Amino acid sequence: MDSPALKSPETLVRLYRSLYLVRRVEERVAEIYPTDRIKSPVHLSIGQEAIAVGICDLLRADDIVSGTYRGHATYLAKGGDPKAMLAEMFGKVGGCARGKGGSMHLVGLEQGILGCSAVVGTNVPVAAGYALALKRRGRGQVAAVFYGDGASEEGCVYETLNFAALHKLPILFICENNFFAIHEPLHRRWAADQLTERVATFGMPARRITSGDIFEIRDAASGLIDAMRDGGGPAFLECHTYRWREHVGPAEDYAAGYRARTDMEEWERRDQVARLAAMLPEAERRQIEAEIEAEVEAAVAYAEASPFPAAEELHAHVFA
Amino acid sequence: MDSPALKSPETLVRLYRSLYLVRRVEERVAEIYPTDRIKSPVHLSIGQEAIAVGICDLLRADDIVSGTYRGHATYLAKGGDPKAMLAEMFGKVGGCARGKGGSMHLVGLEQGILGCSAVVGTNVPVAAGYALALKRRGRGQVAAVFYGDGASEEGCVYETLNFAALHKLPILFICENNFFAIHEPLHRRWAADQLTERVATFGMPARRITSGDIFEIRDAASGLIDAMRDGGGPAFLECHTYRWREHVGPAEDYAAGYRARTDMEEWERRDQVARLAAMLPEAERRQIEAEIEAEVEAAVAYAEASPFPAAEELHAHVFA
Amino acid sequence: MSSPDTLSAGMRSLRYVDALREAVAQEMRRDPDVFCFGLDVDDHRAIQGSTQGLLDEFGPDRCFTTPLSEDAMTGVAIGAAMAGMRPIHVHIRMDFLMLCMNQLVNMAAKAHYMYGGSVKVPMVVRSMIGKSWGQGAQHSQGLHAMFMHVPGLKVVAPSNAYDAKGCMIAAIRDDNPVIFMEHRLLYPIEAPVPEEPFMVPFGRARHMRRGDDITIVGISNMAVECLRAASLLEEVGLSVDLIDPVSLVPLDMETIVASVARTRRLLVVDNAWVSAGAGAEIAAQVAEQLGGGGPLAIRRMGFAPTTCPTTPALEAHFYPNPLTIAKAAHALAGGAGGWEPDPERARLAYQQAFKGPF
Amino acid sequence: MSSPDTLSAGMRSLRYVDALREAVAQEMRRDPDVFCFGLDVDDHRAIQGSTQGLLDEFGPDRCFTTPLSEDAMTGVAIGAAMAGMRPIHVHIRMDFLMLCMNQLVNMAAKAHYMYGGSVKVPMVVRSMIGKSWGQGAQHSQGLHAMFMHVPGLKVVAPSNAYDAKGCMIAAIRDDNPVIFMEHRLLYPIEAPVPEEPFMVPFGRARHMRRGDDITIVGISNMAVECLRAASLLEEVGLSVDLIDPVSLVPLDMETIVASVARTRRLLVVDNAWVSAGAGAEIAAQVAEQLGGGGPLAIRRMGFAPTTCPTTPALEAHFYPNPLTIAKAAHALAGGAGGWEPDPERARLAYQQAFKGPF
Ligand SMILES: Cc1ncc(C[n+]2csc(CCOP(=O)(O)OP(=O)(O)O)c2C)c(N)n1
Ligand SMILES: Cc1ncc(C[n+]2csc(CCOP(=O)(O)OP(=O)(O)O)c2C)c(N)n1
Ligand SMILES: [Mg+2]
Ligand SMILES: [Mg+2]
């Protein structure tokens with residue numbers, strides 16, 4: 001979809017700003033990682049940013065997102081605070097979870113970011129429960145839940161799709177299909193490549209987007225989300241994408257042999273960060289980038305400066 | 001399907017014998033139940049016999065079936081011993097599980113009957129695991145697993161369908177759709193009535209049979225099972241049916257108001273026991289019935305006579 | 001704290017099941033964020049009557065059944081709770097909680113902590129323990145010990161109608177996930193219960209009987225069975241300090257330890273397996289706190305260390321009962337060997353307590 | 001019983017992870033019914049190396065990954081086991097066992113019993129406990145207590161390479177479901193291990209050190225941490241009787257009780273929460289058996305009663321360590337207050353033991 005509205009200058013700027021922020025935060029994390037100051041496993045989404053960014057661009061501040069342990073993009077695209085994110089990864093008390101959650105459990109209720117989970121699939125029914133509350137509230141809010149192709153195999157995800165459709169919950173399910181769960185390719189896990197068709201049998205609109213094109217993703221989600229706000233019930237998007245780095249950690253891992261670098265390179269050619277950069281006037285692009293670089297450095301500085309939690313914090317927050 | 005082969009006199013006799021046995025055992029159970037000699041909940045399958053009977057008729061002695069807590073038909077149709085079944089329900093040591101399992105946990109490994117389970121859906125992956133072993137053995141054996149429309153909603157059942165298709169396991173999934181889980185109708189549990197279509201997306205043959213016709217069921221299963229023996233992988237049948245009695249216990253429950261007796265009556269008109277009875281020469285039918293009545297009475301007598309297990313048995317069988 | 005023993009103004013005698021129902025209905029009236037869902041809560045049987053009337057009064061948005069999807073439904077409860085609602089998720093058997101352990105242990109128990117206090121999970125998970133009449137292996141388990149093991153979950157096991165109502169209201173108003181365990185055989189038993197809403201605070205054990213010779217702790221329905229045992233023991237001159245912990249997390253060890261400090265004898269009777277069970281925790285804490293002070297006689301009772309058999313011939317030996325409890329207490333108190341309470345009297349006492357089916 | 005301490009003929013020094021791998025490979029060679037499956041067992045990382053080489057040697061029918069479907073895959077293991085195969089189902093984290101509790105508790109543990117002995121379920125469920133480096137809430141749990149609670153499951157927790165190999169072979173040959181818990185930080189630690197297949201019988205505790213002043217029971221990796229604590233205690237003249245139970249079900253209480261009968265002091269250190277945990281069971285049994293004989297000093301240690309935080313600033317206080325263990329033991333043995341073992345020496349001893357990452 002290349003409709004002019006979707007490429008309005010404002011939209012372009014907003015999308016690029018968000019894409020660039022996610023990309024740069026993760027690249028900085030990867031740079032810092034070998035210094036051991038980040039005391040937490042990191043699951044980078046470099047290469048996959050367009051999905052979270054494209055969809056979150058359509059969400060209102062009072063909408064809700066739910067992501068996974070690979071949730072940096074979701075967190076940032078929904079307006080999460082890079083300072084709180086970095087401090088969390090450094091294990092500092094200024095972190096979004098006061099240092100108790102680390103990279104896999106980013107959270108930001110004020111920005112509508114439900115906490116991420118490290119147990120694959122667990123966030124999906126939780127997001128549906130939140131959507132149930134949104135529906136009861138009747139203010140047209142929606143939830144968007146992101147999960148991987150691996151998560152789509154978990155029983156609770158199927159159960160959730162049925163329940164969400166049955167109760168016409170305002171929730172958009174987004175399967176980020178990067179063809180791998182850790183190092184295991186789809187063909188060792190999926191009997192048939194018909195996930196989207198399967199989800200459609202629960203009686204909800206379901207679409208597969210294979211291009212990785214941020215405008216196509218955003219456009220597809222747009223109609224679905226509008227219908228949802230009016231009580232139309234849930235919808236599903238399967239978005240093909242590719243994880244450029246290793247499953248966990250900052251490096252590339254093509255030498256391991258479980259996948260070919262050429263596969264990545266095909267996706268690299270479609271890189272939405274570079275694509276949108278090229279669509280912007282040079283000066284404007286530079287200004288955005290400079291602003292974001294400053295924001296990222298400020299976040300790192302904040303994380304460094306924030307203290308570790310005091311020992312007594314261990315016993316806080318067991319019960320509310 | 002009314003092909004002559006399927007209605008050969010031998011087939012007719014075999015099917016009627018099995019149908020009548022299941023029906024009469026359950027009717028006897030219902031009669032005995034109010035005397036409190038059956039010290040176990042009973043989930044009668046009266047009205048649903050044709051599915052188990054039609055499918056088990058195609059199975060070899062060394063094939064495997066797996067049923068549910070509503071498993072009397074599965075147990076008997078696969079050649080389970082009515083004596084051991086009745087004794088089990090009476091809590092006697094002569095029972096198929098030595099009185100330790102009761103009506104919900106009928107078992108008969110010698111006849112290829114995997115133990116039934118009282119936790120809905122749990123038997124499905126277990127049967128697939130057995131099928132995995134059958135495949136490794138390479139003797140053309142198959143497994144048939146029966147479960148309800150309610151069970152189809154459990155996450156582990158979806159997970160199993162994917163795994164079975166992925167590994168081309170020799171297993172026939174049969175969903176006995178009687179439109180209710182306890183008292184809850186489908187429309188309060190299913191977002192869309194597309195179960196069969198959904199299962200097909202796992203890449204296995206999937207068919208819905210709405211007639212309740214034992215020949216149609218048997219015919220549909222026949223081709224699927226043959227293909228399975230040759231390594232064709234799993235298949236799925238959704239069979240519509242109707243539970244005539246209450247969910248658990250011996251009585252009817254139309255007065256409760258959650259379903260109409262007229263719905264049952266429509267199914268009663270299609271009753272396969274009566275239908276096949278009418279297809280048989282009178283004398284032959286009478287003889288079968290007399291033989292089975294005797295078998296049922298012998299089973300009841302056996303159950304009565306069998307002793308209760310001795311107290312020491314409590315501690316037996318915790319570990320193998 | 002008022003008590004379930006004495007009928008005073010504003011009280012009626014109420015069955016345990018009706019106390020549960022009344023508590024939920026009153027809270028749903030008070031707070032529109034409370035809702036009640038789970039398999040079969042809205043059918044004519046209404047979970048043995050414990051959800052009767054909720055659908056009529058509050059409509060299908062606030063009282064609804066679910067697909068057979070316990071795992072996801074638990075996640076739904078958690079998510080709704082995070083959004084500020086107060087779900088009551090009902091399971092007709094405690095055994096079925098095994099299907100949602102992941103959500104309960106890995107999400108519900110941990111969310112408040114691992115998100116640094118930024119979310120709360122105020123939900124109630126109701127489940128019933130079955131017994132007898134061929135419930136068998138998969139319909140009879142009391143699995144509270146597993147929940148006691150995991151920080152972040154509260155666990156309640158009321159043994160009478162008064163506590164059932166007071167604990168249910170407290171559970172609904174609690175800002176944490178509460179595992180609320182009921183016992184099927186307690187449902188028909190009546191006790192005086194106030195009409196007004198009230199809370200039974202968690203973490204305060206209830207003294208069901210005062211005595212000096214032995215401390216008995218009875219959990220869930222076993223509190224009732226211990227009461228019968230205590231009356232048998234009275235006949236041979238043994239006085240029992242009988243404690244019902246009411247809530248297992250938080251656990252009122254102070255009351256138990258104070259009692260055992262006097263009696264130096266402890267019998268814990270649980271409606272569950274003994275190994276790494278609630279009784280192990282209570283016995284271990286007592287031993288930690290009082291073991292240094294001299295001899296201490298401790299014993300635990302619970303399910304036989306087997307799976308639960310269906311046949312009554314074996315099931316009879318699977319559970320503690322007033323007779324076996326009384327004999328164990330007698331032996332622990334150094335009573336002369338060979339005491340055999342009249343089984344008829346034990347059984348009689350027992351049947352008087354439970355009007356329900358066996 | 002031979003032991004992991006002395007290198008004799010036919011032994012080499014082997015890492016824990018390689019001992020596991022060797023045991024599985026040898027059993028797969030011996031018995032074609034043994035197979036190994038679970039998420040990622042066949043990738044190049046091979047579960048930290050513990051399944052390395054199995055795919056090459058035995059092919060994809062006997063070593064294969066699965067979809068992310070832990071619940072159904074557990075059912076698959078059970079069904080295959082019922083059919084006479086011997087599955088080894090691998091989970092990279094013990095936390096993920098919460099996804100398959102229903103199959104483990106309601107099917108695997110019960111099948112032999114509830115089908116009257118007519119089926120067996122010979123399966124091994126391997127899982128690893130994670131620690132440190134931001135594993136956090138959902139990647140660090142030791143949940144063995146839940147399995148100890150349910151009759152029908154065996155539970156093993158080897159703390160060294162010798163026991164890892166011997167227990168794994170015993171587990172594979174066992175006709176029952178065995179929950180086999182490993183600790184990630186033990187993987188690189190070496191011990192002398194025979195080349196030949198051998199079994200370490202379940203239900204026999206291992207005396208890691210003999211002493212008279214206090215009995216310490218250390219579970220899983222805590223056995224190693226207790227060993228360091230014992231050497232610190234030696235310096236102040238306290239001799240420790242250190243016991244590694246090796247298997248938790250069956251549990252060798254005889255050895256533990258005999259030791260405490262001598263020392264009258266028991267410290268149990270677990271790699272898990274304390275409440276209703278393995279330590280509670282051990283402490284309760286000791287109190288039941290020895291409490292009548294005079295004063296008894298008992299204490300349990302384990303995870304802090306909180307969710308596991310990721311930040312090292314808090315995680316450091318979440319786990320027992322040689323320092324806190326030594327101090328607790330010292331206090332329990334009536335040592336004068338205020339003893340502070342040199343933290344540097346404690347840490348040193350600790351690091352010597354673990355070559356792996358923290
Ligand atoms: C329930 C569960 N099983 C296994 C794991 C181990 N694990 C962590 S990430 C992962 C792969 C998930 O793949 P996918 O959902 O496709 O997400 P991706 O990492 O590709 O973004 C696995 C298997 C886990 N964390 N939780
Ligand atoms: C996991 C689980 N959840 C709930 C129950 C309670 N229960 C017993 S039978 C049943 C209905 C199952 O319906 P279905 O699968 O359609 O089988 P049917 O009884 O109609 O043959 C339910 C909900 C259970 N036994 N197990
Ligand atoms: Mg993926
Ligand atoms: Mg049904």
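Worth saying up front: this structure is predicted, and the values here are computed from it rather than measured. In what follows, chains carry the letters A, B, and so on, assigned in the order in which the sequence lines appear, proteins first and then strands, with residues in each chain numbered from 1.
Using a 4.5 Å heavy-atom threshold, the side chains of D:Phe37 and B:Leu132 count as separate.
In terms of the side-chain hydrogen bond (donor to acceptor under 3.5 Å, both in side chains) criterion, D:Arg45 has no residue partners (sequence neighbours excluded).
For chain D, no part of B:Leu169 is nearby; none of its heavy atoms comes within less than 4.5 Å. Both the backbone and the side chain of D:Met82 come within less than 4.5 Å of a heavy atom in chain B. Using a 4.5 Å cut-off between heavy atoms, B:Ala316 contacts chain D through its backbone alone, with no side-chain atom that close. Looking at B:Ile113, there are no atoms closer than 4.5 Å to chain D (heavy atoms on both sides), in backbone or side chain. For D:Val150, no part sits under 4.5 Å from any heavy atom of chain B, backbone or side chain. Looking at B:Val119, only its side chain comes within 4.5 Å of chain D, counting heavy atoms on both sides. Using a 4.5 Å cut-off between heavy atoms, B:Leu134 does not touch chain D at all.
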Let me see the donor-acceptor pairs closer than 3.5 Å between chain D and chain B, or none if nothing turns up.
residue: D:Asp61; atom: O; partner: B:Arg136; partner atom: NE; Å: 3.3
residue: D:Asp61; atom: O; partner: B:Arg136; partner atom: NH2; Å: 3.0
residue: D:Ala72; atom: N; partner: B:Glu159; partner atom: OE1; Å: 2.9
residue: D:Ala80; atom: N; partner: B:Gly129; partner atom: O; Å: 3.4
residue: D:Ala83; atom: O; partner: B:Arg137; partner atom: NH2; Å: 2.5
residue: D:Gln103; atom: NE2; partner: B:Thr122; partner atom: O; Å: 3.2
residue: D:Tyr113; atom: N; partner: B:His317; partner atom: O; Å: 3.4
residue: D:Tyr113; atom: OH; partner: B:Leu314; partner atom: O; Å: 2.6
residue: D:Tyr115; atom: OH; partner: B:Gly115; partner atom: O; Å: 3.2
residue: D:Tyr115; atom: OH; partner: B:Cys116; partner atom: O; Å: 2.7
residue: D:Asn176; atom: OD1; partner: B:Ala320; partner atom: N; Å: 2.7
residue: D:Asn176; atom: ND2; partner: B:Ala320; partner atom: O; Å: 3.3

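Listed options B:Ile64, B:Leu314, B:Leu166, B:Leu114 were ranked by heavy-atom pairs under 4.5 angstrom with chain D; first place goes to B:Leu314. Between chain D and the residues B:Ala133, B:Gly101, B:Gly115, B:Gly95, the largest count of heavy-atom pairs under 4.5 Å involves B:Gly115. Top candidate by heavy-atom pairs under 4.5 Å with chain D, chosen from B:Val157, B:Val124, B:Val126, is B:Val126. Note: B:Cys116 leads B:Cys116, B:Ala131, B:Ala118 in heavy-atom pairs under 4.5 Å with chain D.
Minimum heavy-atom separation, B:Cys156 to D:Ala72: O-CB, 3.7 Å.
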